[in-house]
Structures are given as structure tokens and as C-alpha cells.
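Please read all numbers here as calculations on a predicted model, not as lab measurements.
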Amino acid sequence: MLLETIESPARIKDLSREQLRQLADELRSEIIQSVSRTGGHLASSLGVVELTLALHRVLDSPHDKIVWDVGHQAYAHKMLTGRRKAFSTLRQLDGLSGFPKRSESPHDSFDVGHSSTSVSAALGMAAARDACGGEEKIVAVIGDGSLTAGLAYEAFNQAGHLKKNLVVILNDNEMSISPNVGAISSFLSRKMTSDFFVRMKKEATQIIGSMPKIGKDLLSLASRAEHSLKGFLTPGMLFEAFGFDYFGPIDGHNLDELIETLTNVTRLEGPVLVHVVTRKGHGFAPAEREPSKFHGVGPFDAETGEVIAAKGGGGSFTGVFGSTLVQMAARDERIVAITAAMLEGTGLKEFSTTFPERFYDVGIAEQHAVTFAAGLACRGLRPVVAIYSTFMQRAYDQVVHDVCLQNLPVTFAMDRGGLVGADGPTHHGAFDLSFMRHIPNLTFMVPRDEQQLQRAMETARLHDGPFAYRYPRGKALGLALADQPQAVEIGSGEVLREGDDGAVLAVGSAVQAALEAAETLAAEGVQLRVIDPRFIKPLDERLLLQAAATGLVVTVEENTLQGGFGSAVSELYAAAGVAPRLVLIGLPDRFIEQGSQDQLRARYGLDADGLVGRIRDELKTGDVTGAAAAGS
Ligand SMILES: Cc1ncc(C[n+]2csc(CCOP(=O)(O)OP(=O)(O)O)c2C)c(N)n1
Ligand SMILES: CC(=O)[C@@H](O)[C@H](O)COP(=O)(O)O
Ligand SMILES: [Mg+2]
């Protein structure tokens with residue numbers, strides 16, 4: 001097996017073309033077999049096996065730099081750069097990352113996970129190279145989906161100005177996670193061999209060819225005109241406007257053509273764009289048939305493609321959000337839904353087919369999604385913007401400047417709030433309680449279960465201003481759903497368990513662990529009050545100030561402690577001049593690694609056992625007043 005002999009990409013340079021093709025087959029098979037066991041981003045990685053081989057054949061990594069966009073397609077790159085044996089740990093606790101990471105390998109030139117950063121980063125590296133007298137080649141690989149984000153054009157714009165030696169490879173498979181959207185996408189896949197074009201050419205050839213004497217010369221002139229017309233109308237025009245030399249489109253599965261093209265273009269001066277056409281999932285029929293399903297897939301049968309552990313769906317918080325929004329939209333025609341290229345992930349598939357005229361997929365364009373929603377709200381609609389917590393970071397100023405400053409009735413449905421698991425530090429929704437709660441005019445609710453999620457959605461619908469709610473990745477609690485959920489009083493929390501030996505203020509997904517911990521400690525004679533504040537903003541000040549009187553207040557949140565819910569409580573107590581023993585439990589001030597949600601919650605003391613241990617210690621050693629001290 002050739003792949004076993006490849007410990008470094010330098011080895012690829014000695015292989016014959018036949019051996020390269022064999023290596024492509026082996027890589028593809030290894031990716032399928034390994035990902036069928038661990039799950040991961042299969043289809044995108046299968047689509048760039050030949051491109052990856054050609055890049056490592058032509059370039060001299062890690063001296064030359066490859067900057068992957070998103071990086072979910074880099075499994076072949078990782079296997080060729082000494083990490084094949086580690087693939088059994090892919091996306092697992094303390095295992096191989098699912099994305100390129102500089103700390104993992106010198107061949108990973110930039111950490112990625114959020115899309116559309118590759119051209120900016122590669123251009124920065126090129127500018128630094130030139131400033132330091134370097135001569136390494138720098139190549140960015142960006143997908144057509146990632147090309148729908150404005151950030152990419154900011155980079156193209158400057159690249160055309162700086163004219164640095166830089167190669168950008170556009171991996172065009174006409175797919176984002178779902179089929180790609182937008183004018184750029186249709187422009188890229190413009191078919192110059194449309195029937196009309198072919199028919200026009202045939203008739204013109206017959207007419208010109210029949211002309212005596214001048215017919216032959218005219219024909220050759222006409223064929224040159226056709227070529228330039230194609231040249232003018234193909235995607236090249238878009239990139240040449242940015243000052244790039246455009247090459248393509250070329251077959252992204254043809255190793256010879258790729259190697260020849262990359263060999264040539266990496267010798268050229270100035271910015272170059274190579275348009276490569278690939279098939280997402282190439283070489284594995286189930287993934288070719290359903291590239292969206294195999295974009296990010298759980299373990300599956302490597303022979304049949306049958307997925308063993310499907311994700312999302314009805315029992316998940318995502319599924320409850322999607323089905324409830326459809327119910328609400330049926331009753332309230334003001335509701336429109338917006339996704340930023342995450343149709344399936346946000347659970348909006350049913351909405352998109354039920355209300356196609358009230359559904360918008362803006363592509364990977366979170367900033368635009370929010371301001372677009374602001375525009376819709378200005379005209380009396382009730383837009384619901386469904387964006388993962390981590391991707392909402394992209395649109396922070398739009399939330400502040402375009403929605404909250406104008407106090408517009410836009411709802412932010414932030415899925416994947418808290419720890420997401422295998423995607424790791426680039427994707428954890430670890431910061432939204434902090435970056436949203438301080439924005440004036442915003443109401444922010446964190447439902448503890450699917451019933452409260454439904455009520456949050458109804459409360460948002462009735463509220464005449466900006467409203468955010470966040471909910472976790474994964475299964476809900478299996479509670480009965482309401483056909484017509486009731487709104488809640490804004491700023492109202494709930495006491496879930498009475499007790500005077502201390503109070504636990506738990507947010508969202510932390511509530512269940514808090515209740516379990518309170519039950520455990522009750523058996524030790526400690527009666528803890530458990531409160532679900534439900535709102536991060538505005539706080540239920542009455543409830544939280546009453547909690548202070550127990551002498552011990554413990555806040556629990558799946559969010560960074562920096563500026564999170566616990567900070568809000570400490571601000572409340574400081575302003576009120578009360579000083580209970582205040583214990584803040586949440587995520588530390590660092591990026592949280594990958595792992596399963598349960599593993600990470602245990603590692604960071606957010607599970608019931610962690611809370612019991614911490615509270616028990618506080619009761620023993622903490623300087624608490626009130627009944628708690630008596631109980632110690
Ligand atoms: C800012 C941001 N928004 C959304 C995503 C989620 N996401 C990951 S890959 C992807 C589609 C990328 O499409 P493309 O660039 O064409 O790559 P392909 O999977 O087709 O190879 C999306 C929307 C992301 N990673 N970053
Ligand atoms: C690579 C990327 O950003 C997306 O594919 C992301 O991994 C989706 O996350 P979920 O699997 O939670 O939908
Ligand atoms: Mg694509």
C-alpha cells in the first residue's frame with residue numbers, strides 16, 4: 001500500500017503518474033473507512049483528493065504555504081502530512097482536529113473553521129514574505145460556498161491592489177452545505193454550452209460557410225469571436241476585475257491537468273485564480289448522491305453509506321425550533337426566516353418548503369443576514385434569523401448598529417449555544433451570553449428545555465424589539481410540545497426547587513445538572529434553592545436578590561465566565577449593595593478543546609458531579625452566612 005510509505009509530502013514528488021492515481025484511490029478509501037468509524041466532514045474531503053495530491057506534488061510544504069478555507073476538506077492533506085495513523089482520534093477529546101491547526105503540524109499554515117478567511121490570510125502571508133525577502137509560494141484553497149461571504153471580496157479587492165504573487169484555487173462543486181445560492185454561484189456555473197448557444201453557432205456556421213470566396217475566412221473570424229465571447233462571459237471576468245489572472249475552469253479530478261496547471265501558475269507574477277471544478281463526495285456513491293447529508297456525517301456503513309447515528313431531527317432542540325417556527329408562521333404571516341447557508345443545521349428545511357416565499361438563504365453571509373433582517377423589520381415583518389452562536393460572532397456590529405440601535409423587532413435564534421463537541425474551539429458557542437447581553441434594547445432568553453424554547457419563541461414574536469434566545473446542540477428532554485406555546489413575562493425567572501442553604505442560579509443546559517446536584521446534596525442535609533433565571537437580560541432582579549439572602553449564590557452557565565451570566569449577577573449584587581458568597585461556575589478564559597459535550601462538561605465541572613463537588617467545598621470552606629453555615 002503506497003499510502004503507508006508516505007510519511008511526508010516530499011515522497012509524492014518521486015511517484016509516477018500511475019502511482020499518484022493509485023495513491024488517490026488509496027487516500028479516498030482510507031478517508032471513507034476512517035470517517036465511517038469516527039464521523040466527520042466526508043464529502044468535502046473526498047472532493048479534493050486529486051487537488052490535494054497535485055498541490056503537494058507541485059509545492060514544497062511546509063516551506064510553501066497551503067491555506068485551506070474552512071478546512072473541513074483537509075483530511076487528505078492531513079493524511080499526506082504524517083497524521084494518517086492519528087485519524088482514529090479525529091475530532092475526539094485530545095485527538096486530531098477536524099480542521100487545520102498550526103499547533104498540530106507545520107504543514108497547517110493557518111487555523112481555520114469559520115469560512116472565507118483563506119484569501120485574507122494568504123495575502124497577509126504574501127505581504128509578509130515580500131517584506132522579509134522570502135520566496136515561498138502561497139496558495140489559498142477556497143470553496144464556492146465560502147466565496148459567498150463578503151470577507152473573501154475584501155481580500156480579493158486588496159490582492160488586486162497589492163499585486164502580490166499569490167495563487168487562489170477556487171474549488172467549485174456548486175455546493176455549500178446545501179446547493180450553493182446567490183448570483184455569484186450561478187455566474188460561476190454559467191453553462192456556455194447552453195442549447196441556445198450551440199444552436200446559434202450551428203446556424204451561423206451554415207450561413208457563413210455557404211458564402212462564396214469569403215466564407216472560409218469569415219468562419220475562422222467567427223470562431224475567434226466565439227472564443228473571446230466565451231472568455232468574456234466566463235467567470236474569469238469576475239476575478240479579472242479584481243486584478244487576478246484567471247485560469248479555468250479545469251477538471252479538479254484530472255491529476256495531469258491539475259499538476260500541469262499548478263506548475264505553470266505558481267511561476268506567474270501577481271495574483272492568479274485557478275477555477276477548479278470538482279464533485280463533492282467524489283468516489284463514494286452515497287456521498288455523490290447526497291452531498292449535503294455527507295457534508296458533516298456521523299458514523300456510517302462504509303459499504304452502503306447507511307448512516308448509523310443521524311444527528312439533528314425532531315427530538316433535537318433544532319428540530320423543535322424548526323417545527324415550532326412553522327406552526328407560528330402559519331398563524332402569523334409577518335414571520336420570515338433567514339439562514340446563512342445552514343438550512344439543515346438550523347432546522348429550517350420544513351419552513352423553506354412550507355413557506356418558500358418567506359424563507360431566505362443568504363449564503364455564508366451572516367453580516368448581511370442580520371442587516372437584511374433589519375430591512376425586513378423596518379417594513380413591518382418579523383424576521384427570525386437562525387444563526388449558530390459561533391457564526392453570530394461574524395455579525396456582532398450588525399446586531400448592535402443595524403438592529404438594536406434602531407430597536408427593530410428582529411429575533412436571533414442562536415443554535416449550538418454552549419459547548420458543541422467535536423468541532424472544538426472554532427465552533428463552541430462559548431461567548432454569546434457575553435457579547436449579546438450588554439447591547440441596549442436587546443432581550444435575551446436562555447430556555448432550559450424544549451417547552452421553554454417554544455415559549456421563548458412566542459415571547460419573541462410578541463415582543464416589539466430585538467430578541468435573542470440560544471439553545472444547545474443535541475437532543476432535547478423529550479417533553480410534550482405545545483401547539484400554541486404561551487409567552488412568558490419578560491425578565492421573569494422561575495424557582496424550580498425551594499431551599500435556604502444556598503441558591504444555584506443555572507442557565508439553559510446547566511439547569512438539569514443543577515437540579516441533580518441539589519438532590520444529591522439534599523441527601524447530605526443541604527437544602528439548595530435552584531433558580532432558572534430564564535433571562536440573561538433583563539434579569540429577574542427580585543428573584544436574584546432574594547437568593548442573595550441565603551448567603552451562598554452559585555451561578556452556572558455554559559459560557560465563558562468573562563462577561564457572562566455570573567458577571568451580570570455580580571453587577572446586580574454590587575449595585576444593590578448585597579454581598580453573599582458568590583461562586584461563578586462556567587467556562588474558563590481560554591478556548592475550549594474538542595471532545596464530546598458530556599466529556600467537556602465533566603472536564604469543566606459543569607455536570608452534576610462537578611457541581612456537587614464544588615458546592616460541597618464551598619459549604620465547607622466558604623465564608624457563608626445564614627442557614628448554609630449552620631449546615632456545615
Ligand atoms: C462563517 C461561517 N459560516 C458558516 C459555516 C458553516 N459551513 C461550513 S462548511 C460550509 C459550506 C462551505 O462550502 P464550500 O466553501 O463550497 O466548501 P465545500 O464543502 O463545498 O467543499 C458552511 C456553510 C462556517 N464554517 N463559517
Ligand atoms: C465545517 C462547519 O463549520 C460546519 O459543517 C459545522 O461543522 C456544522 O456543525 P453541526 O454539525 O453542528 O451542524
Ligand atoms: Mg462548495
Under 3.5 Å, is there a donor on one side chain and an acceptor on the other for [X] and [Y]?
{"X": "Gln546", "Y": "Arg529", "result": "no"}
{"X": "Gln398", "Y": "Thr371", "result": "no"}
{"X": "Glu489", "Y": "Ser492", "result": "no"}

Between [X] and [Y], does at least one N-O distance fall below 4.0 Å, as a salt bridge requires?
{"X": "Asp607", "Y": "Arg601", "answer": "no"}
{"X": "Asp540", "Y": "Arg534", "answer": "no"}
{"X": "Lys293", "Y": "Glu344", "answer": "no"}
{"X": "Lys101", "Y": "Asp108", "answer": "no"}
{"X": "Asp94", "Y": "Arg603", "answer": "yes"}
{"X": "Asp423", "Y": "Arg91", "answer": "yes"}

Spacing of [X] atom [atom1] and [Y] atom [atom2] [to the nearest 0.5 Å]:
{"X": "Leu552", "Y": "Asp500", "atom1": "CG", "atom2": "CG", "answer": "12.0 Å"}
{"X": "Met342", "Y": "Leu348", "atom1": "CE", "atom2": "CG", "answer": "11.0 Å"}
{"X": "Glu104", "Y": "Arg102", "atom1": "CD", "atom2": "CZ", "answer": "13.0 Å"}
{"X": "Ile439", "Y": "Leu405", "atom1": "CD1", "atom2": "CG", "answer": "11.0 Å"}
{"X": "Leu561", "Y": "Ser434", "atom1": "CG", "atom2": "OG", "answer": "8.5 Å"}

Check: [X] ring centroid to [Y] ring centroid under 6.0 Å:
{"X": "Phe355", "Y": "Phe351", "value": "yes"}
{"X": "Tyr469", "Y": "Phe412", "value": "no"}
{"X": "Phe591", "Y": "His428", "value": "no"}
{"X": "Phe391", "Y": "His114", "value": "yes"}

Show every salt bridge (Lys or Arg N to Asp or Glu O under 4.0 Å) that has at least one partner inside residues 450-465, sequence neighbours left out. Asp332-Arg461, Arg382-Asp464, Glu458-Arg461
Run Gln454 and Thr324 through side-chain hydrogen bond (donor to acceptor under 3.5 Å, both in side chains) and show every step you take. CA-CA 7 Å; Gln454 289 192 301; Thr324 303; 3.1 Å; yes
Could you check whether the rings of His41 and His72 sit parallel, tilted or perpendicular, using 30° and 60° as the cut-offs? perpendicular
Going through the distances and angles, do Tyr75 and Arg83 end up as a side chain to side chain contact (heavy atoms under 4.5 Å, CB included)? CA-CA 9 Å; Tyr75 292 0; Arg83 289 168 278 181; over 6 Å; no
Sequence-distant partners of Asp361, salt bridge (Lys or Arg N to Asp or Glu O under 4.0 Å), two or more places apart: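 Scan of Asp361 (salt bridge (Lys or Arg N to Asp or Glu O under 4.0 Å), adjacent residues dropped) gives none.
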Does Asp609 have any salt bridge (Lys or Arg N to Asp or Glu O under 4.0 Å) partners at least two apart in sequence or in another chain, and if so, which? none
Determine whether Arg437 and Phe565 satisfy the following criterion, side chain to side chain contact (heavy atoms under 4.5 Å, CB included), listing intermediate values before the conclusion. CA-CA 8 Å; Arg437 78 172 178 92; Phe565 168 68; over 6 Å; no
Can you tell me if NE2 on His438 sees more than 12 non-hydrogen neighbours from other groups inside 6.0 Å?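 Above 12, so yes.
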Counting distance only, does the side-chain N/O of Asp69 pair as donor-acceptor with the main-chain N or O of Gly143 below 3.5 Å? no
Is there a side chain to side chain contact (heavy atoms under 4.5 Å, CB included) between Glu494 and Gln452 once you walk through the steps? CA-CA 11 Å; Glu494 278 187 320; Gln452 293 292 319; 3.9 Å; yes
